[in-house]
Amino acid sequence: MISIVGNGAIGNLLALKCSQKQLPYQLIVRSKAPDSIVCHEQDHVTTLAPSFVSTNALGYTSVDTHSKISPQTVDTHSGCDLLILPLKSYQIVDALKQLKPVISDKVSIVLLHNGMGPHESIQSILPDNPTIIATTSYGAYKPKIDQLNVTGIGRTQAGWLNNDNTNAKAEHIFDILLPPCQWHNNITQILWQKLAVNAVINPLTAMYDIPNGDLLRAEFAEHITTLCEEIARVMNALGMATTKAHLIERCMQVASLTATNFSSMCQDIRLGRRTEIDDINGYVVKQAKRLKIATPFSQHLYENIKKKEAL
Ligand SMILES: NC(=O)c1ccc[n+]([C@@H]2O[C@H](COP(=O)([O-])OP(=O)(O)OC[C@H]3O[C@@H](n4cnc5c(N)ncnc54)[C@H](OP(=O)(O)O)[C@@H]3O)[C@@H](O)[C@H]2O)c1
């Protein structure tokens with residue numbers, strides 16, 4: 001059984017894929033569940049009627065409440081062997097703490113989000129569970145609670161948090177959900193490459209309220225160069241081979257390929273929603289402080305977006 005946490009956009013996309021591949025799945029939700037989900041994917045419309053499991057039914061009502069039921073609940077009641085958390089980065093730690101009492105250490109876990117940081121927490125919350133970290137460039141949008149629009153077919157990058165604690169069956173199942181899925185022995189290095197691009201495109205587009213392609217304009221060159229220089233220094237100190245020039249090239253490529261898109265951070269700010277800045281530029285700044293590297297412009301952007309979030 002594949003358990004998908006939340007009734008969000010990527011979670012619904014995974015539900016659609018499970019349904020298409022005839023894999024048994026359930027959605028673990030904390031708020032009201034719809035009767036069905038109408039999925040629009042290219043020219044196809046599919047109506048899903050998933051099994052929704054309330055987080056309350058799993059034995060807890062809040063992060064700090066102890067489960068009244070056996071820690072085997074998810075396994076024995078649902079036969080779960082893969083638990084996927086396609087959540088906003090800032091929702092992951094609370095969800096893991098909530099689920100901890102009801103999942104056995106045999107369950108393989110997938111963290112699927114933008115940004116970095118939660119992978120460090122899982123080691124203290126659920127240290128024994130085989131854990132996949134993944135990132136995808138698929139696009140999905142929920143205009144309402146019972147509708148999913150698949151907005152882009154992408155690709156997925158994945159790897160095990162600990163290469164000595166893996167599960168071949170879980171890897172096989174996840175492999176077929178958001179294809180093509182590329183597996184990496186050192187997934188954190190891949191996540192850093194993605195983080196670097198996100199740490200440039202997201203805060204700048206959000207700060208100036210512009211589509212990604214506007215970053216190709218000459219007036220942004222200095223900002224992009226400064227950010228890439230700071231991020232490359234942090235990555236080098238962590239043992240990753242990259243250069244300022246390489247990061248600038250990647251950012252320009254992504255800005256050009258997604259020129260008309262508004263980044264998720266830009267949209268979050270427009271809609272007055274919390275952004276994932278803590279696990280994007282916030283993570284860069286945190287690592288830089290630990291390594292005693294100055295990243296003043298990353299810090300400035302981080303503070304600017306936090307101020308905008310609070311408005
Ligand atoms: N959407 C995309 O196109 C896309 C593409 C690539 C990457 N990503 C990344 O993928 C991640 C997920 O994005 P998304 O767009 O799918 O987000 P989303 O639509 O906001 O989905 C998150 C869902 O999880 C639910 N949730 C949060 N904590 C929960 C908990 N403890 N128990 C049960 N449900 C919980 C939320 O419910 P509530 O409504 O109750 O808060 C929400 O329905 C993000 O990191 C995003 O940056 C998204």
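Counting convention: from 1, in listed order, for ligands and their atoms alike.
- Under the 3.5 Å distance criterion, with hydrogens and angles disregarded, no donor-acceptor pair is assigned to the side chains of His184 and Gln189.
- Annotation for Trp160 and Asn165: closest pair CE3-O, 3.7 Å, computed over non-hydrogen atoms.
- Contacts between Tyr141 and ligand 1 below 4.0 angstrom, taking non-hydrogen atoms only, are absent altogether.
- Residues Ile4 and Ile145 do not share a hydrophobic cluster, defined by chaining ILVMFWY side chains whose heavy atoms lie under 4.5 Å apart.
- For the atom pair CE of Met1 and CG of Leu82, the computed distance is 11.5 Å after rounding to the nearest 0.5 Å.
- Applying the 4.0 Å criterion to heavy atoms of Ala95 picks out, from ligand 1, the atoms 31 (N).
- Not one N or O of Val29 is nearer than 3.5 Å to an N or O of ligand 1, by distance alone.
- Using a 4.5 Å heavy-atom cutoff, the side chains of Leu177 and Leu23 are in contact.
- Of the charged side-chain nitrogens involved, none lies within less than 4.0 Å of a carboxylate oxygen, so that Lys306 and Glu303 do not count as a salt-bridged pair.
- Closest heavy-atom approach to atom 40 (O) of ligand 1 among the candidates Arg273, His113, Arg30, Lys32: Arg30.
- Counting heavy atoms under 4.0 Å from ligand 1, residue Thr151 does not touch it at all.
- Only side-chain heavy atoms of Gln98 come within less than 4.0 Å of ligand 1; its backbone N, CA, C and O stay farther off.
- Below 3.5 Å of separation, one finds an N or O of Asn114 facing an N or O of ligand 1.
- Between Phe297 and His300, the two ring planes are parallel [angle under 30°; tilted spans 30° to 60°].
- Counting heavy atoms only, Ala140 comes closest to atom 3 (O) of ligand 1 of the residues Pro86, Ala140, Gly11.
- At a 4.0 Å cut-off, at least one heavy atom of Lys88 sits close enough to ligand 1 to count as contact.
- Checked against a 3.5 angstrom limit, the closest N/O atoms of Thr136 and ligand 1 fall outside it.
- Near Tyr138, the atoms of ligand 1 lying under 4.0 angstrom from a non-hydrogen atom of the residue are 3 (O), 5 (C), 6 (C).
- The side-chain heavy atoms of Leu48 and Tyr25, taken from C-beta on, include a pair separated by under 4.5 Å.
- A single hydrophobic cluster is seen to contain both Val234 and Val200, as judged by linkage of ILVMFWY side chains at heavy-atom distances under 4.5 Å, directly or through other members.
- At a 3.5 angstrom cut-off on N or O pairs, Ala9 counts as close to ligand 1.
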Verdict with reasoning, Lys244 to Thr225, per side-chain contact (heavy atoms from CB on, under 4.5 Å): CA-CA 7 Å; Lys244 171 181 77 176; Thr225 303; 3.9 Å; yes
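- Taking every heavy atom of Asn7 and a limit of under 4.0 angstrom, the matching atoms of ligand 1 come to 43 (O).
- The atoms of ligand 1 that sit less than 4.0 Å from any heavy atom of Gly139 are 3 (O).
- Each of the following atoms of ligand 1 lies closer than 4.0 Å to a heavy atom of Ser31: 40 (O).
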